[in-house]
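Only one structure is covered here, and it is reproduced in the block below.
Naming convention: chains lettered A, B, ... in sequence-line order (proteins, then strands); numbering from 1 in each chain.
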Amino acid sequence: MLDIKRIRENFDEVAEGLRRRGASLEGAERARDLDARRRALVMQSDELKTLRNSRSKEIGALKKAGQDTAAVQADVRAIGDQITALDAQLREIETDLEAAMLLIPNVPCATIPTGPDASANRVARVVGEPPAFAFKPLDHIALNERLGLFDLPRGAKLTGSGFPLLQGAGSKLQRALIQYMLDMHTERHGYTEMLPPFVVNSASMRGTGQLPKMAEDMYHCEIDDLWLIPTAEVPVTNVYRDEILDRPLPIYLTAYTPCFRREAGSAGKETRGILRVHQFDKVEMVKFVEPETSYAELETLVANAEEVLTSLGLHYRVLELCSGDISFSAAKCYDIELWAPGQQAWLEVSSCSNFEDFQARRLNCRYRDANGKTRLVHTLNGSGVALPRLMIAILEQCQQADGSVLLPEALRPYLRGLERLEPQAK
RNA sequence: GGAGGGGUGUCUGAGUGGUUGAAAGAACCGGUCUUGAAAACCGGCGUGCCGCAAGGUACCGGGGGUUCGAAUCCCUCCCCCUCCGCCA
């Protein structure tokens, strides 16, 4: 959520930002108008309340003195009726204002490229080399047919399409990767590990911005009004919702969780294999930082995610997303894409964003600065990284001529002697 | 799921309808004193909204209600504790 004062006082600057995104100005204009009406009503209502309070105190005094209070009571009652009417109007306006504010996206950072969509994204860097093959590399689906790491038909039988059943070396590799990443972030990058609930309430979903817009993309348990998390960002960022932090900033948190996404509307698109599924595992990093530091913190966040990939010897690139391609809440965002030689495609495995105070305002998450003044924190998060596509990239980049997959050295301690994924006899 | 108890500021904790944003103590910050520290003493010490400001207003788990007036009464929801039941 944007600062209403920013819309009030710097409307042109906000409008320019929204235009760069290709977003409509309608919401911001509406918010500006509702805000003006709200302030006028608040003034009226507060004045009447002042009057009511002072006259009510008179009644107390009169009663103590044993005098008749009927006339004053009638007066105050009339004032109270006016207040009730004004406050009803006010509530309506505030509800509308809140609704409008929740639908206005963040203003993009001034330095990011301007453009309408992904075509304007800037390649920040390409790291490593694509592996050279003396044979035609297979994609992860073909590789899996020999290796037997995941069983999609049986996953579909258990639940439905898009719910992979990992098995044998596949599940072991997955588990090793999760622990490898968590260890790296906690031991080397200074993050504290969290293992949060995988199901959250609506207030948490609003806090990070999934609600109200993304309700259709999430799994919802009606009876309890609880939601399956689409990313660990939700529970981990909400840890400090409605708090004034007394811990020194920055705070770095990391968590492994499964992620549940309905992916409504994306049926048939990039859905082969485990590229896009309804349930997947991910290690997430979340930062709570002082505003002045958030852009420097974004760079180290990306570096933390990249180290997972470089340490595994994988070829990837980093994109700086343009104004038209960043997500609703983000001011600036880097995507990390792994190279998948089997399908000759770049696969997004991480999205690292600085939300500035956009999430913090919804979350109501503040800290005390050096002068003891409360200020909104800046929040950031990034995947570190998502598992299925990491698995795909490892399979496709590390495949060998004999159909096996030679696993990265760095994972060996986590695989208890497993060095190579071997074709399975059917 | 059943029965009971409870949710007040950073913490402990008073407050059962009237000038209470809230006693008292602790913690914390500033000052005096001290070679320094402690102690003692003095002062400060919640958050949001409106306002140029003075100031006003709202908030005692959330929401709603009664009343001229609610931290205090009523309804409802949430959370915590104890006991019983069920259960991985």
Discussion item. Among residues 39-48 of chain A, which ones have heavy-atom contacts with RNA chain B below 4.0 Å?
Written reply: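 Going residue by residue through residues 39-48 of chain A, the ones with a heavy atom under 4.0 Å of RNA chain B turn out to be A:Arg39, A:Val42, A:Met43, A:Asp46.
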Separation of [X] atom [atom1] from [N] atom [atom2], in whole Å?
{"X": "A:Ile83", "N": "B:C50", "atom1": "CD1", "atom2": "P", "answer": "19 Å"}
{"X": "A:Lys373", "N": "B:C45", "atom1": "NZ", "atom2": "C1'", "answer": "17 Å"}
{"X": "A:Asp87", "N": "B:C59", "atom1": "CG", "atom2": "C1'", "answer": "14 Å"}

Worksheet item: NA contact type, A:Ser54, heavy-atom cut-off 4.0 Å: base, sugar-phosphate, or nothing?
Response: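 Counting heavy atoms under 4.0 Å across all strands, no contact is made by A:Ser54.
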Item to complete: Answer with base, sugar-phosphate or nothing: what part of the nucleic acid does A:Arg375 contact at a heavy-atom distance below 4.0 Å?
Response: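 No contact.
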Short side-chain N/O contact from [X] to OP1 or OP2 of [N], under 4.0 Å:
{"X": "A:Arg38", "N": "B:C50", "result": "yes"}
{"X": "A:Thr50", "N": "B:U57", "result": "yes"}
{"X": "A:Arg366", "N": "B:G46", "result": "no"}
{"X": "A:Arg368", "N": "B:U47", "result": "yes"}

Item to complete: Step through the shown structure and confirm whether more than 12 heavy atoms of other residues, nucleotides or ligands are within 6.0 Å of CD on A:Glu13.
Response: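 Count over threshold, so yes.
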Worksheet item: When every nucleotide of nucleotides 61-69 of chain B is labelled 5' to 3' by its protein contacts under 4.0 Å (heavy atoms), B for base, S for sugar-phosphate only, - for none, what sequence of letters results?
Response: -------BS
Discussion item. Do A:Asp81 and A:Thr84 pair up side chain to side chain, a donor and an acceptor below 3.5 Å, judged on atom types alone?
Written reply: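 Per modelled atom types, A:Asp81 and A:Thr84 side chains form no pair under 3.5 Å.
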Worksheet item: How about A:Glu306 and A:Tyr334: does a side-chain donor come under 3.5 Å of a side-chain acceptor?
Response: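 The criterion, which ignores hydrogens and geometry beyond distance, is not satisfied for A:Tyr334 and A:Glu306.
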Fill in: Side chain of A:Asn53 - closest among B:U57, B:C50, B:G48
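Closest nucleotide to the A:Asn53 side chain: B:U57.
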Discussion item. Please determine whether a side-chain nitrogen of the Lys or Arg among A:Arg272 and A:Asp139 lies less than 4.0 Å from a carboxylate oxygen of the Asp or Glu.
Written reply: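 Salt bridge flag = yes for A:Asp139 with A:Arg272.
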Discussion item. Salt bridge (charged side-chain N to carboxylate O under 4.0 Å, His left out), that's the test. Do A:Asp33 and A:Arg37 meet it? Break it down for me.
Written reply: CA-CA 6 Å; A:Asp33 297 343; A:Arg37 289 171 59 197; over 6 Å; no
Discussion item. Tell me whether A:Arg32 forms a cation-pi arrangement with A:Phe11, defined as NZ or CZ under 6.0 Å from the six-membered ring centre and within 45 degrees of its axis.
Written reply: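 The answer is yes, since A:Arg32 meets both limits relative to A:Phe11.
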Worksheet item: If we take the C1' atom in both B:G30 and B:G7, what is their distance in whole Å?
Response: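 Approximately 34 Å lies between the C1' atom of B:G30 and that of B:G7.
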Discussion item. Could you tell me how far B:U19 sits from B:U57 if I compare only their P atoms? Round to whole Å.
Written reply: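 These two P atoms come out 14 Å apart once rounded.
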Discussion item. Set out, in order, the CA-CA distance, both residues' side-chain angles and the distance that settles salt bridge (charged side-chain N to carboxylate O under 4.0 Å, His left out) for A:Lys49 and A:Asp87, then state yes or no.
Written reply: CA-CA 11 Å; A:Lys49 281 172 184 165; A:Asp87 281 355; 3.3 Å; yes
Side-chain donor/acceptor pairs under 3.5 Å, residues 157-177 of chain A, sequence neighbours excluded:
unit_1, atom_1, unit_2, atom_2, d
A:Gln167, NE2, A:Gly148, O, 3.3
A:Ser171, OG, A:Gly168, N, 3.4
A:Ser171, OG, A:Gly168, O, 2.9
A:Gln174, NE2, A:Asp281, OD2, 2.8

